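Only this structure's heavy atoms are used, side chains among them; waters, hydrogens and symmetry mates stay out. Bear in mind the structure is a predicted one, so any value in this text is a computation, not a measurement.
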Amino acid sequence: MANLVASCARSDQGQGLDLRRARRQYLNALPDSPGGSAMKKILLRPVSVALRLLAAGLALITTDAFAQSGRAAGAPADLVLRNGAIYTVDAARGWAEAVAVRDGRIVYVGRNAGLGVLVGPKTRVVDLRGRMVLPGMHDAHIHPISSGIQALGCDLTDKLTADQYVAAVKACAAERPDEAWIVGGGWLMSAFGPGAMPSRTLLDAVAPDRPVLLYSSDGHTGWANSKALALAGITRDTPDPSDGRIDRDPRTGELVGSLQEGAIGLVDRHVPPATPAQRMDALRYSVEMLNAYGITGFQDAIVSPAELETYAALDAARELTVHAVLAQWWEREKGVEQIAGMEQRRKQFTNGHVHATSVKIMQDGVMENYTAAMLEPYLVAGSPRGIPMLQPAALNAAVSALDAKGFQVHFHAIGDAAIRQCLDAVQAAGERNGASGLRHHISHLQLIDPADLPRFRALGVIANFQPLWAYPDPYITELTIPFIGEKRAAHMYPIGSMHASGGMVAFGSDWSVSSANPFEQIEVAVRRADSATPDGAVFLPDQRLPLPAAIAAFTINAAYVNGMEGEVGSIEVGKRADLAVLDQNLFAIDPRAISDTKVLLTLFEGTGCTATRKNSSGDRRVSRPSRDGASSSNFSSQETQAGLRLKLQVLLDRTVAHRPQTPSCKPKRRRVECG
């Protein structure tokens, strides 16, 4: 293990290769004109010099060779952003100076000089003053409602140790004396060592009279007190469910208090469900937070029928300022007969900004508790190979039936065996139904057998990575590598290899398992190191992703996953005006500073849905003061044109006196859902 990590602990000098590649792209795009020739001379200087000049005057090199220009004919635009470094993420990966918006759609992308009659007396014109603009970003795997409920409940995500968790539960019990259950989550498996088995007695000491159920930060382990276990009827003699494990003391056989995978459901089914009002509050919280990060679209990786109603209600109230694709949950104890109900819900809940067009199949667990399905056994007692949640024949039948009915399948697969089983199922569906083009995608992808890498492109399966996990933290160095060995660990999170093989790479955060901040995730993808530790160890540097590819994974590629690449994901004429204005140019800074990026303004369909919420820790409190001390504000459509223009310009003119220090140790990752 030490050799593996030590060999990866190189500096970020290799990132210069990506910068040189970007520089060559600019050179190739420049016209053979006097201005273009002068810029070529500048860019032929050393990378560090060229980047400083690029940051100072990027807009000056914008040309029709790499910016799409709309015709400046017709009615004036409602909004014009000019003098910017606008990275369009179009097919040419071009740049522009200005973008114009009318009726919520982009009507011009190009140079300032081409705006012409698009600027009328009532047009809101905002001077970006060189700031970078990206398309509104998309998160291809996230849990907004459940994560919002956790954030507003007994939340442990800002704690790190068992003692801190116990103290927090004690405080929650005191603050909520009338609640029948104490429910929360966010505790780290690494706080309890290999196997992640926290004791019920710790909770009994601070909450003996009420049931307690706390979900681990990845959702794959539950921590219950004795009261909760008793209410669920779980004793030392209760058999393990087929898709999970009830942890017992190996010497006495007594219940530990930890429940792995499907065993959580034995207790969870007794927890009072969230009320409609709680779900609405949670979704509002999450949407506001995501807008503040420049995110204007996502795929919710698990939705219940009740949560479908929540999305529809928030959209009907005109508060859903995101494009939401929703993955209905595949119930493992049922078969293809459940598809009829899914079709009915798809028809009912595919309206406006809501699209119930995906289905989530969870095929295995996670490596830390030895439930991720593996081709070769774990290096622990009993030599387990994990838990395939669906046997291959059942998985093939489910995927073929869903594919035939026009559903996209969103897989959870961590281990190499589970990933292969998912690919096999998509291949079987294609052989049965023909090419469907439904953009099936596999999330997480911690360990891919090299033989399966080219199958993603061949089968049209999208690789949906959570890049924030791809650095050497204790989950990798202490809870994974010792139990799978260095040989297999060399193939963990092979994002660079997937990109090089021609497979499409999309990114998702898996919030609240990981931070929803896309800039933290982009930095880890580019560096393969902890974004909170500038000089930390690098994990498998050959798997780094070039910055343009990392941006694409959160914009046009994630939009492609959601079937919306014709409408969003890039800044092009005719698309919806979903835009994010950043405080720094990602191409002109040290890669170690990418995670410090703040979004100054997010536009959703041409309307300012939020100003930035300064939150360096990621996702905790969205209502925070602006850098200059003034409150961040939403922009109402009822405001006067002059007032809105002033707000926009004041917001973009703010200068940064200082940046908040990022904690050196913060809980910002862990994997995914409990089914």
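With Glu605 as the partner, the salt bridge (Lys or Arg N to Asp or Glu O under 4.0 Å) test is satisfied by one option alone out of Arg576, Arg102, Arg318: Arg576. Tested against Asp243, the residues Glu333, Arg332, Glu261, Met362 include a single side-chain contact (heavy atoms from CB on, under 4.5 Å) partner, Arg332. The only member of Val325, Val322, Leu320 that meets side-chain contact (heavy atoms from CB on, under 4.5 Å) when paired with Val354 is Leu320.
Between the side chain of Asp583 and the backbone N or O of Thr597, no donor-acceptor pair lies under 3.5 Å. For the pair Ser512 (side chain) and Ser147 (backbone), a donor-acceptor distance under 3.5 Å is absent. Under the 3.5 Å distance criterion, the side-chain polar atoms of Gln408 are matched with a main-chain donor or acceptor of Val561. With Glu331 contributing its side chain and Gln338 its backbone, the two residues share no donor-acceptor pair below 3.5 Å. Of the possible polar contacts, one joining the Glu523 side chain to the Ser595 backbone as a donor-acceptor pair under 3.5 Å is found. Using modelled atom types, one side-chain atom of Asn291 and one backbone atom of Ile295 make a donor-acceptor pair closer than 3.5 Å. Panel note: side chain Thr350, backbone Ala356; a donor-acceptor pair is recorded below 3.5 Å. Not one N or O on the side chain of Arg131 forms a donor-acceptor pair closer than 3.5 Å with the backbone of Val581. Side chain of Lys360 to main chain of Leu326: no donor-acceptor pair is present (N/O by atom type, distance under 3.5 Å, no hydrogens or angles). In this structure a side-chain-to-backbone donor-acceptor pair under 3.5 Å is missing from Gln344 to Ala340.
Between the CG atom of Leu314 and the CZ atom of Arg284 there is a distance of 6.0 Å, given to the nearest 0.5 Å. One distance of note links CD1 of Ile264 with CH2 of Trp223; it measures 14.0 Å at 0.5 Å rounding. The distance from atom CD of Glu288 to atom OG1 of Thr321, rounded to the nearest 0.5 Å, is 9.0 Å. The OG1 atom of Thr555 lies 12.0 Å from the CD atom of Glu565; values are rounded to the nearest 0.5 Å. Separation of atoms CD1 (Ile594) and CD1 (Ile522) is listed at 7.0 Å; rounding is to 0.5 Å. Rounding to the nearest 0.5 Å gives a distance of 6.5 Å between OG1 of Thr88 and CD of Glu572.
A pairwise comparison of heavy atoms in Ala301 and Ala327 identifies O-CB, 3.7 Å as the closest pair. In plain terms, the two heavy atoms of Ala282 and Gly148 that are nearest each other are CB-C, 3.6 Å. Of all non-hydrogen atoms in Ser570 and Lys575, the two that sit nearest each other are OG-NZ, 2.6 Å. Contact between Pro76 and Thr123 at its shortest, heavy atoms only, is CB-OG1, 3.7 Å. The two residues Ala550 and Ala525 make their nearest non-hydrogen contact at CB-CB, 4.4 Å. The two residues Trp329 and Met342 have their closest heavy-atom pair at O-CE, 3.3 Å.
For the residue pair Ser515 and Glu520, a side-chain donor N or O sits within less than 3.5 Å of a side-chain acceptor on the partner. Side-chain N/O atoms of Asp139 and Ser509 include a donor and acceptor closer than 3.5 Å. Looking at His141 and His410, their side chains do bring a donor and an acceptor atom within 3.5 Å of each other. For Ser358 and Gln299, the side-chain atoms include at least one donor-acceptor pair closer than 3.5 Å. Using modelled atom types, one finds a donor on one side chain and an acceptor on the other under 3.5 Å when comparing His441 with Asn464.
Between His440 and Ile462, every side-chain heavy-atom pair lies at or beyond the 4.5 Å cut-off. Within the 4.5 Å cutoff, the side chain of Leu402 has no heavy atoms near those of the Leu438 side chain. Counting heavy atoms from C-beta on, the side chains of Asp364 and His412 come closer than 4.5 Å. You'll find the side chain of Val303 stays beyond 4.5 Å of the side chain of Phe349, heavy atoms only. Considering only heavy atoms from C-beta on, Glu307 stays 4.5 Å or farther from Leu283 through its side chain. Residues Tyr87 and Leu586 are not in side-chain contact: their nearest non-hydrogen atoms beyond the backbone lie 4.5 Å or more apart. Between Pro135 and Ile571, some side-chain heavy-atom pair lies under the 4.5 Å cut-off. At least one side-chain heavy atom of Val599 sits less than 4.5 Å from a side-chain heavy atom of Leu582.
Note: His270 and Trp181 fail the aromatic proximity criterion, with ring centroids not under 6.0 Å apart. Here the two rings, on His323 and Phe604, have centers that are under 6.0 Å apart.
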Stepwise side chain to side chain contact (heavy atoms under 4.5 Å, CB included) test for Val461 and Phe411:
CA-CA 10 Å; Val461 175; Phe411 298 95; 5.8 Å; no
The test is side chain to side chain contact (heavy atoms under 4.5 Å, CB included); show your working for Arg82 and Val125 and say whether it passes.
CA-CA 7 Å; Arg82 61 185 304 159; Val125 179; 3.6 Å; yes
For the pair Thr310 and Ile145, evaluate side chain to side chain contact (heavy atoms under 4.5 Å, CB included) and give the outcome as yes or no after the intermediate values.
CA-CA 9 Å; Thr310 303; Ile145 294 180; 4.0 Å; yes
Could you walk me through whether Val568 and Thr296 pass the side chain to side chain contact (heavy atoms under 4.5 Å, CB included) test, one step at a time?
CA-CA 9 Å; Val568 293; Thr296 56; 5.9 Å; no
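Salt bridge absent: Glu309 and Arg345 never bring a charged side-chain N and a carboxylate O closer than 4.0 Å.
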